[in-house]
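To start, the structure itself, in structure tokens.
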Amino acid sequence: MYYANVSQQLPHTSRVIEVTGNGKVMATPNYVQIQIEVQTRGKNVQEAQQENAIIMNRVIQSLLALHIPRENIQTAFYTISPVYDYEDGKQIFKDYEVINAITVKVTDTSQIGEIIDTAVENGANRISSIQFNIDNVDAYYQQALSLALQNAQMKAKTIAETMHLPLQPQPIEIVEELEKAPVLYRSMAMVDSKISTPIEQGQIAINATVRVKFQY
């Protein structure tokens, strides 16, 4: 976003203070996306695919039994790859690997540990990512943006008062510096199904930054 006060044309003798304002708002995530994978291997593609399909169907049914809506379960990717060993510098075919990955959107974040444990108990052998998110992130960003503008005004005022400069209160230019949407990300490999998996969601920081010019 870019704003310029066109009503104030700077003469060549005008002097400008440029400051950077920062604002941050902390928010609690209200949903999480978990990527669950089933990896299988076989000497032929059909064998690996069939085993993978059986396990993944069992995983999905177990998640549905936890009252996860079917529309919140989506295939992330599906790959079939040959696996090779190397002996004496030669490539030797070993078997085929099939990976089926699904993403699960969970709106009750207290369920995360139970969902991971249930998926693993039913054959999932990799939890490749856990991403905490916020649905209404824009509302938090607007708050952070307001704080960033206030921060810029305070910085400019401090500079002006310290240097005894006659600062004009209205900025002549505001430039919003866009940042990537915040996501709290965690990753894990195999999960021990004998122990209840503890997942702490923490909080997400939503940041805003502006560059502001004031005339004096």
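For the single chain, residues carry numbers from 1 onward in sequence order. Fair warning: this is a prediction, and the values are worked out from it, not measured in the lab.
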For atom CD of Q74, is the number of surrounding heavy atoms from other residues, nucleotides or ligands below 6.0 Å larger than 12?
-> no

Rounded distance [0.5 Å steps], OH in Y31 versus CG in D135 = 5.5 Å

How long is the span from the CD1 atom in I60 to the CZ atom in R70, to the nearest 0.5 Å?
-> 7.0 Å

Taking all non-hydrogen atoms of both residues, which atom of F93 and which atom of P82 are closest, and how far apart?
-> CE1-CB, 4.1 Å

Kindly say whether G23 contributes a backbone atom to a donor-acceptor pair with the side chain of N151 at under 3.5 angstrom?
-> no

For the residue pair Y216 and Q168, confirm or rule out a side-chain donor-acceptor distance under 3.5 Å.
-> no

Could you tell me the separation between the OH atom of Y78 and the CD1 atom of I99, rounded to the nearest 0.5 Å?
-> 10.5 Å

Less than 4.5 Å apart, any side-chain heavy atom of T20 and any of T209?
-> yes

Quick check: does any side chain N or O of Q111 sit under 3.5 Å from a backbone N or O of I68, one acting as donor and the other as acceptor?
-> no

Does any donor atom in the side chain of E51 or T40 lie under 3.5 Å from an acceptor atom in the other side chain?
-> no

Pair Q33-T103, side-chain donor/acceptor within less than 3.5 Å = no

Taking all heavy atoms of A27 and all of I206, pick out the closest pair and write down the distance.
-> CB-CD1, 3.7 Å

Under 4.5 Å between side-chain heavy atoms, hopping through other hydrophobics if needed: is there a path connecting V45 to F77?
-> no

Shortest non-hydrogen contact from Y141 toward N207 | CE1-O, 3.4 Å

Could you tell me whether the side chain of L63 reaches within less than 4.5 Å of the side chain of I36, counting heavy atoms only?
-> yes

Do you know which two heavy atoms are closest between A208 and A148, and how far apart they sit?
-> O-CB, 3.6 Å

Can you check whether E37's main-chain N or O pairs, donor with acceptor, with R126's side chain at less than 3.5 Å?
-> no

Is it true that M154 and V210 fall in one hydrophobic cluster, defined by side-chain heavy atoms closer than 4.5 Å?
-> no

Contact check, side chains of I130 and I116, non-hydrogen atoms, under 4.5 Å | yes

Please report the closest heavy-atom contact between Q91 and Y86, naming both atoms and the distance.
-> OE1-OH, 2.9 Å

Interatomic distance, K157 atom NZ to I17 atom CD1 [nearest 0.5 angstrom] = 13.0 Å

Does some side-chain heavy atom of R41 sit less than 4.5 Å from a side-chain heavy atom of Y96?
-> no

Would you sort out whether N22 and K24 count as a side chain to side chain contact (heavy atoms under 4.5 Å, CB included), showing the intermediate values?
-> CA-CA 7 Å; N22 299 290; K24 179 170 73 173; over 6 Å; no

4.5 Å side-chain heavy-atom contact, Q142 and L145 | yes

Applying side chain to side chain contact (heavy atoms under 4.5 Å, CB included), run through D117 and E114 and close with a yes or a no.
-> CA-CA 5 Å; D117 293 341; E114 182 184 13; 5.8 Å; no

Roughly how far, to the nearest 0.5 Å, is the OG1 atom of T28 from the CD1 atom of I134?
-> 8.0 Å

Value rounded to 0.5 Å, distance of CD1 in I55 from CD in Q39 | 10.5 Å

Check: K90 main-chain N/O paired with D88 side-chain donor or acceptor under 3.5 Å = no

Taking a hydrophobic cluster as the set of Ile, Leu, Val, Met, Phe, Trp and Tyr residues connected by side-chain heavy atoms closer than 4.5 Å, whether directly or through intermediates, do I102 and L66 fall within one such cluster?
-> yes

Side-chain contact test, heavy atoms from C-beta onward, threshold under 4.5 Å: evaluate it for Q143 versus L147 and give yes or no.
-> no

Backbone N or O of V98 within a donor-acceptor pair of the N100 side chain at under 3.5 Å?
-> no

Counting only N and O atoms by type, is there a donor-acceptor contact under 3.5 Å from the side chain of D85 to the main-chain atoms of K94?
-> no

Are V38 and I54 joined in one hydrophobic group, where the rule is that I, L, V, M, F, W and Y side chains link up if heavy atoms are under 4.5 Å apart?
-> no

Greater than 12 external heavy atoms within 6.0 Å of K155's NZ = yes

Check whether L167 and M163 end up in the same hydrophobic cluster, where Ile, Leu, Val, Met, Phe, Trp and Tyr are linked by side-chain heavy atoms less than 4.5 Å apart.
-> yes

Please report the C-alpha distance between V212 and Q153 in whole Å, then the side-chain angles of each, then the deciding distance to 0.1 Å, and finally whether the side chain to side chain contact (heavy atoms under 4.5 Å, CB included) criterion is met.
-> CA-CA 8 Å; V212 185; Q153 286 180 314; over 6 Å; no

With distance as the sole test, does T118 use its side chain to make a donor-acceptor pair with the main-chain N or O of I115 at under 3.5 Å?
-> no

Does E18 CD have over 12 foreign heavy atoms under 6.0 Å away?
-> yes

Mind listing the closest non-hydrogen atom pair of E47 and G42 along with its distance?
-> OE2-CA, 3.7 Å

